[in-house]
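Count residues from 1 along the sequence.
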Amino acid sequence: MTTKKKHVIAVDLGAESGRVMRVDLDGARLSTHEIHRFPNVPVMANGTLHWDVLRLWKDITDGLRAARADSANPPASIGVDTWGVDFALLDRDGRLLANPVHYRDRRTEGMMDWVFQRMPRREVFQRTGIQFMPLNGLYQFASLVRDNSPLLSVADGFLTIADLFNYWLSGARTCEFTHVTTQQMYNPVANDWDRELLSCVELPTRIFPEIVQPGTRIGAYEGVPVILPGCHDTASAVVAVPTSTKNYAYLSSGTWSLLGLELTEPIINDAAYEANLTNEGGVYGTFRLLKNIAGMWLVQQCRAAWARQGTSYDYAYIKQLAAEAEPFRSFIDPDAPDFFAPDDMPAAIRDYCARTGQPVPETPGQIARAAYEGLAFKYRYVLEKLIDVSGQPVETLHIIGGGSQNDLLCQMTADAIGRRVVAGPAEGTAIGNGIVQLISLGELADLRQARQALAASVALVVYEPQSTAAWDAEFGRFQKLIV
């Protein structure tokens, strides 16, 4: 490991906000410094929900400009990670054809059945190992075929949402492995795009570029090397799990909760199919057996709805109100369709509780508690599925990302799953992004050494299970809500 101070730049784009972060390696210690934070605000235009990628690009370049001015030493490299499943299309001159569409747009309604008419559902899973969600890139892209979109006749290049920004930074039109796997169009056995699947749904296979691995240098931006981290933000977050043991699970907690195990190969069998688990690519030859769970999105959207109604709560106060509310009064399945894109999240939670025969939460505290308890119960439900399918025991759950700072939810989770929870680092995605860059630069030897350095560098909070009997008693009631 290097003894000199070195830093890299991690561009970390989430569904709610983006950040340009400096990741420092000083001897054996890793640290982060936020340079520029900015909102990620979708835009509705003519009935379609888009990502505002040009605004994001300006914020990225503003942050990179500030990063160069922020330090006497230039960054050693730049890496980008983003949310998954979305993509962009380019014309023959490499120009963006249209603003990428948001995964919560309604164009994917009915698309899963449309695809399964052309290739059976079980075969799609056998080929890709990816869980079925209508937001996956496969169903988004197939909607262009169904709707006879003129974009298909002029598209000359496909890039994942992360690789669009990589292209604008470096000029390289490639697709990074971990982000590709989220699209449900990659075949881990063939180690390539599943061109037979693409052909079955009439997608133009010629536009899909080379798939490259994390750690690859693809070019430079204003003289600074651009190095691919795990470009899917969860892949980067898992890099930052500060563990030296095998029997652990991770929970990347942000707008989405992604709960899973780090394995050396995908598990594609009947049990994984029945549990609707996913095998997403990881760094350095790993796969992430996991499940997507609607995460802090629930509370984010409640907060936004209350603000529209004239009452502004910060997240700390919402958590306090939830802590003061009666436990186990009512709770939700976070992944029920009711909560994917409602116009009014508190109303959706109230309606769901009424429909499922539970007391209707009325106060903000009751609504937030229903969301938090639903998340903790769903974590237990999914963790048990992961253990059953993989056969891997789990002694500790590592929670990384912004949700690791929510002590109420962390303790609820420990109580629900009956296992120790280790929370931190909160900036796991940016740190994991930076770690892969530093390994590629030769500043860190490998992932094991990086995780040892990380464990010595960040403050971790341990939550031991406490009131497990009460959570055990209510779990059966929660399971009846799962559809």
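For the residue pair P229 and V436, the shortest heavy atom distance occurs at CA-CG1, 3.8 Å. When every heavy atom of Q131 is checked against every heavy atom of T278, the shortest pair comes out as N-OG1, 3.0 Å. Scanning all heavy atoms of the two residues, the minimum distance from W114 to A142 falls at CZ3-CB, 3.9 Å. Residue L408 comes nearest to A322 through the heavy atom pair CD2-CB, 3.9 Å, listed as atom of the first residue, atom of the second, then distance. Closest of all the heavy-atom pairs between P100 and L164 is CG-CD2, 4.4 Å. Nearest heavy-atom pair, A10 versus A430, reported as atom, atom and distance to 0.1 Å: CB-O, 3.6 Å.
In this structure, CD1 in I207 is found 9.0 Å from CG in L90, a value given to the nearest 0.5 Å. Summarising the geometry, atom OG1 belonging to T413 is positioned 4.5 Å from atom CD1 belonging to I399; distances are rounded to the nearest 0.5 Å. In this structure, the separation between OH on Y284 and CG on L447 is 7.0 Å, given to the nearest 0.5 Å. Summarising the geometry, atom OG belonging to S31 is positioned 9.5 Å from atom CE belonging to M21; distances are rounded to the nearest 0.5 Å. In this structure, CD1 on I161 lies 12.0 Å from SG on C231, to the nearest 0.5 angstrom. Expressed to the nearest 0.5 Å, how far CG of L444 lies from CD of Q452 amounts to 11.0 Å.
Heavy atoms from other residues, nucleotides or ligands lying under 6.0 Å from OH of Y317 number 12 at most. For D446, the CG atom counts as densely surrounded, since its 6.0 Å shell holds more than 12 non-hydrogen atoms of other residues, nucleotides or ligands. Within a 6.0 Å sphere centred on CZ of R146, other residues, nucleotides and ligands contribute more than 12 heavy atoms. For K385, the NZ atom is loosely surrounded, since the number of other residues' heavy atoms within 6.0 Å does not exceed 12. Annotation: R206, atom CZ; neighbour count of heavy atoms from other residues, nucleotides and ligands within 6.0 Å is above 12.
Formation of a donor-acceptor pair under 3.5 Å by the Y352 side chain with backbone atoms of D333 is found in this model. The closest donor-acceptor contact from the side chain of R22 to the backbone of I35 lies at 3.5 Å or more, if one exists at all. Side chain of Q437 to main chain of I9: a donor-acceptor pair is present (N/O by atom type, distance under 3.5 Å, no hydrogens or angles). Side chain of Q449 to main chain of A445: a donor-acceptor pair is present (N/O by atom type, distance under 3.5 Å, no hydrogens or angles). No donor-acceptor pair closer than 3.5 Å links the side chain of T128 to the backbone N or O of Q184. Listed for the D24 side chain is no donor-acceptor partner under 3.5 Å among the backbone atoms of H7. The backbone N or O of S404 lies less than 3.5 Å from no partner atom in the side chain of S253, so there is not a single donor-acceptor pair. Although no hydrogens or angles enter the test, the distance criterion places no donor-acceptor pair under 3.5 Å between the side chain of W297 and the main chain of P334. Without hydrogens or angle criteria, D91 side chain to D93 main chain gives a donor-acceptor distance under 3.5 Å. Side-chain atoms of R451 do not come within 3.5 Å of backbone N or O of T243 as any donor-acceptor pair.
Using modelled atom types, one finds a donor on one side chain and an acceptor on the other under 3.5 Å when comparing S257 with Y379. Judged by distance alone, the side chains of Q140 and T108 never bring a donor and an acceptor atom under 3.5 Å apart. Using a 3.5 Å distance cut-off with no hydrogens or angles, the side chains of T178 and E176 do pair a donor with an acceptor. In this structure, a donor-acceptor pair under 3.5 Å is absent between the side chains of Q411 and D407.
Between H398 and Y248, a ring centre-to-centre spacing shorter than 6.0 Å is recorded. Checked against the 6.0 Å centroid criterion, the rings of F177 and H179 do not qualify as a close aromatic pair. Ring centroid separation for the pair W57 and W168 comes in under the 6.0 Å cut-off.
Taking the side chain as every heavy atom from C-beta outward, I332 and L298 approach each other to under 4.5 Å. Residues I60 and V11 form a side-chain contact, since some pair of their non-hydrogen atoms from C-beta on lies under 4.5 Å apart. Between Y250 and R288, the closest side-chain pair of non-hydrogen atoms falls below 4.5 Å. For the pair P214 and V283, the minimum side-chain heavy-atom distance is below 4.5 Å. Between Q213 and L228 the shortest side-chain heavy-atom distance does not fall below 4.5 Å. In this structure, F158 and Q183 have side chains that are in contact, with non-hydrogen atoms separated by less than 4.5 Å. Using a 4.5 Å heavy-atom threshold, the side chains of Q309 and D344 count as touching. Side-chain atoms of T396 and V421, non-hydrogen and from C-beta on, never get closer than 4.5 Å to each other.
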Check your understanding: How far apart are the C-alpha atoms of T181 and E280, what are their side-chain angles, what is the distance that settles it, and do they pass the side chain to side chain donor-acceptor pair (under 3.5 Å) test?
Key -> CA-CA 5 Å; T181 62; E280 293 179 355; 5.5 Å; no
Exercise for review: Report the C-alpha distance between Y186 and N191 in whole Å, list the side-chain angles of each, state the deciding distance to 0.1 Å, and finish with yes or no for side chain to side chain donor-acceptor pair (under 3.5 Å).
Suggested key: CA-CA 7 Å; Y186 172 82; N191 194 26; 2.4 Å; yes
Practice item. Report the C-alpha separation of I293 and V382 in whole Å, then their side-chain angles, then the decisive distance to 0.1 Å, and conclude whether the side-chain contact (heavy atoms from CB on, under 4.5 Å) test is met. Key: CA-CA 9 Å; I293 303 166; V382 171; 3.8 Å; yes
Practice item. Determine, step by step, whether I78 and I227 satisfy the side-chain contact (heavy atoms from CB on, under 4.5 Å) criterion, reporting the C-alpha distance in whole Å, the side-chain angles of both residues, the deciding distance to 0.1 Å, and the verdict. Key: CA-CA 6 Å; I78 301 164; I227 295 176; over 6 Å; no
Review point. Q300 and T255: side chain to side chain donor-acceptor pair (under 3.5 Å), yes or no, with the steps?
Key: CA-CA 8 Å; Q300 290 167 2; T255 299; 3.2 Å; yes
**Study point:** Verdict with reasoning, D335 to K378, per salt bridge (Lys or Arg N to Asp or Glu O under 4.0 Å)
**Key:** CA-CA 9 Å; D335 297 313; K378 195 60 178 281; 2.7 Å; yes
Exercise for review: Apply side chain to side chain donor-acceptor pair (under 3.5 Å) to N406 and Y315, showing your working.
Suggested key: CA-CA 9 Å; N406 188 316; Y315 288 118; over 6 Å; no
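With respect to R19 and E34, no salt bridge is recorded, no charged nitrogen being found less than 4.0 Å from a carboxylate O. Look at D163 and R173 and you find no salt bridge, because none of the NZ, NE, NH1 or NH2 atoms lies under 4.0 Å from a carboxylate O. Using a 4.0 Å cut-off between charged nitrogen and carboxylate oxygen, D147 and R107 do not count as a salt-bridge pair. Under 4.0 Å is where a charged nitrogen must lie from a carboxylate oxygen, and between R65 and D62 at least one such pair does. For R104 and E109, the salt-bridge test fails: no basic side-chain N is under 4.0 Å from an acidic carboxylate O. In summary, D59 and R37 do not engage in a salt bridge, as defined by a charged side-chain N under 4.0 Å from a carboxylate O.
Applying the side-chain hydrogen bond (donor to acceptor under 3.5 Å, both in side chains) test to every pair with at least one member in residues 43-53, sequence neighbours left out, gives these pairs: W51-D86.
Using the six-membered ring where Trp is involved, F132 and F125 have ring planes that are tilted, between 30° and 60° apart.
Partners of R303 by salt bridge (Lys or Arg N to Asp or Glu O under 4.0 Å), not counting sequence neighbours: none found.
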